[in-house]
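Numbers here simply count residues along the sequence, with the first being 1.
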Amino acid sequence: MAITSGRNFWCLCSSILLVATPLAAAETRLFDSVQVTPASEYTFGIEGPAADLDGNLFVVNLGKPGTIGKLPAGGTASELFTTLPEGSVGNAIRFDRSGTMFIADYKKHNIFAIPKGATEPAVWFHSDEMNQPNDITIARDGTIYASDPNWKGREGHIWRIAKAADGSVQGQVMSAPRAMGTTNGIDLSPDGKTLYVGESSSGQIWSYAISGNELTAARLVKAFQPDTVDGLRTDVAGRLYVARILKGTIALMKPTGAVEREVPLRAKEPTNLAFGGSDGKTVFVSQRQGGFIEAFRTDQQGREHCLQRGRC
């Protein structure tokens, strides 16, 4: 979930003057971000981009809260895909290996599921013990890991949600070796053994080893400035892509924390990102400043794209 700052109040600023640029024009240039959709398509709550294997991109809050927008493959404008039940507002979207879409509903403490080929969301998991959930990531076996921040308390934790032997979906807070800050962006390493978690309050990125319902071997990967990190994703090479909200870049870094490059963006408030396109090497970024999607090409496909193809 994006960070709100008084000094960065909702402002279209110069970004509203940007003209949507077809992504195809930049297909051959790496790390050169272009605006893909018109400004103001999405609300201040633009978040949760995720791409299916057909090249469609899905993003929350098209026009108003509680909607899911769809940017068709190769398109330059979004269309309405579905609307969540009354009172629910999505924050993150992910696809599993079967093509099922999962949506984190931070308002009503749900995880919705939409099977491939369908449009109607159904509650897959619910817990009143959750603060949100915020961002989610999916493992090879279908297990969902969800960040669950307490923004006012500047703290949070991680949920593990999976099907039990009897077919029911069970979720619980994972034990951790340290007190976490406001957990936000989250993703897995390509081998599924390491969980990366961004903490917005501290600006830190942490890694953990996964052992059932326990997080172990906590390691500080990188410390950015407080309140400047939001969503994050990994590629098949194990690198992390971190949305630097309020900085207007995507930090591309190795698992060691060494930053390879900062990809400059068209606006200053990226909330999250997703890999898509035919080869999984197009990075789509949701931009709160201006309410649009921008994208750039990279040299490795995303972990989730590889997972959907059954290769990771």
Side-chain angles (χ1 to χ4, degrees), residues 1-8 45 47-49 91-92 94 104 106 109 129-138 144-161 171-189 193-211 213-234 238-259 262 268-274 285-286 288 303:
M1 173 172 286
I3 302 153
T4 301
S5 170
R7 58 188 173 85
N8 288 278
E47 261 277 13
N91 194 69
R94 286 288 162 266
Y106 79 96
H109 320 298
E129 296 179 13
M130 280 185 161
N131 296 306
Q132 293 213 341
N134 188 322
D135 204 356
I136 55 177
T137 188
I138 302 178
I144 289 180
Y145 298 94
S147 60
D148 191 25
N150 175 350
W151 291 92
K152 290 183 179 179
R154 297 178 72 83
E155 61 182 10
H157 42 249
I158 303 299
W159 282 70
R160 181 181 182 273
I161 307 166
Q172 67 181 88
V173 174
M174 301 183 75
S175 63
R178 55 177 291 275
M180 297 180 178
T182 46
T183 52
N184 195 342
I186 186 171
D187 207 356
L188 291 157
S189 60
K193 297 179 180 180
T194 301
L195 186 70
Y196 294 101
V197 181
E199 297 181 1
S200 290
S201 55
S202 65
Q204 297 176 348
I205 309 296
W206 287 81
S207 71
Y208 301 89
I210 299 172
S211 179
N213 290 320
E214 296 182 6
L215 295 174
T216 64
R219 179 177 67 89
L220 178 61
V221 178
K222 180 70 177 178
F224 295 102
Q225 293 92 342
D227 300 317
T228 65
V229 299
D230 203 326
L232 66 85
R233 295 289 165 246
T234 57
R239 300 179 303 181
L240 287 78
Y241 295 65
V242 182
R244 302 293 314 284
I245 193 166
L246 310 184
K247 293 295 183 181
T249 66
I250 299 296
L252 172 54
M253 64 186 192
K254 298 178 181 178
T256 61
V259 176
E262 292 258 3
K268 296 295 184 182
E269 298 182 7
T271 57
N272 215 328
L273 60 137
V285 182
S286 52
R288 187 174 72 178
R303 179 197 71 88

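- Here the straight-line distance linking atom CG of Asn131 with atom CD of Glu129 works out to 10.5 Å at 0.5 Å rounding.
- Judged purely by atom type and a 3.5 angstrom limit, Gln132 has no side-chain atom pairing as donor or acceptor with the backbone of Tyr106.
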Would Val259 and Leu252 count as a side-chain contact (heavy atoms from CB on, under 4.5 Å) if you check the C-alpha gap in whole Å, the side-chain angles of each, and the deciding distance to 0.1 Å? CA-CA 6 Å; Val259 176; Leu252 172 54; over 6 Å; no
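- In terms of modelled atom types and a separation under 3.5 Å, the side chain of Ser147 and the main chain of Ile186 share no donor-acceptor contact.
- The shortest distance between side-chain heavy atoms of Leu220 and Gln204 falls below 4.5 Å.
- Here the closest non-hydrogen pair linking Thr271 and Ser286 is OG1-OG, 2.6 Å.
- At distances below 3.5 Å, at least one donor-acceptor pair connects side-chain atoms of Thr182 with backbone N or O atoms of Ser201.
- Leu188 places none of its side-chain heavy atoms less than 4.5 Å from the side chain of Tyr196.
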I'd like to know whether Arg154 forms a salt bridge (charged side-chain N to carboxylate O under 4.0 Å, His left out) with Asp227, so could you lay out the CA-CA distance, the side-chain angles of the two residues, the decisive distance to 0.1 Å, and finally the verdict. CA-CA 11 Å; Arg154 297 178 72 83; Asp227 300 317; 3.6 Å; yes
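- One finds the OG atom of Ser189 at 8.0 Å from the CZ atom of Arg303 (value rounded to the nearest 0.5 Å).
- Between Trp206 and Arg178, some side-chain heavy-atom pair lies under the 4.5 Å cut-off.
- Here OH of Tyr208 is found 10.5 Å from OG1 of Thr216. Values are rounded to the nearest 0.5 Å.
- Contact detail for Arg219 and Pro255: the closest heavy-atom pair is NH2-O, 2.9 Å.
- Summarising the geometry of Glu214 relative to Ser175, their closest heavy-atom pair is CG-OG, 3.2 Å, with the distance given to 0.1 Å.
- Legend: residues meeting salt bridge (Lys or Arg N to Asp or Glu O under 4.0 Å) with Glu262, ordered by chain and number and at least two apart, are Arg244.
- Separation of atoms CD (Glu155) and CD (Glu199) is listed at 11.0 Å; rounding is to 0.5 Å.
- Nearest heavy-atom pair, Ile210 versus Thr194, reported as atom, atom and distance to 0.1 Å: CD1-C, 4.4 Å.
- Looking at every heavy atom in both residues, Met253 comes nearest to Gly257 through SD-O, 4.1 Å.
- Panel note: side chain Asp148, backbone His157; no donor-acceptor pair is recorded below 3.5 Å.
- Note that CD of Glu269 and CZ of Arg288 are 4.0 Å apart. Values are rounded to the nearest 0.5 Å.
- If you take CH2 on Trp159 and CD1 on Ile136, they are separated by 14.0 Å, rounding to the nearest 0.5 Å.
- Considering Val197, Ile205, Ile250 in turn, Ile205 is the only one that fulfils the side-chain contact (heavy atoms from CB on, under 4.5 Å) rule with Leu232.
- With sequence neighbours left out, Tyr241 forms a ring pair (Phe, Tyr, Trp, His ring centres under 6.0 Å) with Phe275.
- Shown here for Leu215 and Met174, the closest heavy-atom pair between the two residues is CD2-CE, 3.6 Å.
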Starting from the C-alpha separation in whole Å, work towards a yes-or-no answer on side-chain hydrogen bond (donor to acceptor under 3.5 Å, both in side chains) for Asn184 and Ser200. CA-CA 6 Å; Asn184 195 342; Ser200 290; 2.8 Å; yes
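- With hydrogens and angles left out, the side-chain atoms of Thr137 and Asp187 include a donor and acceptor closer than 3.5 Å.
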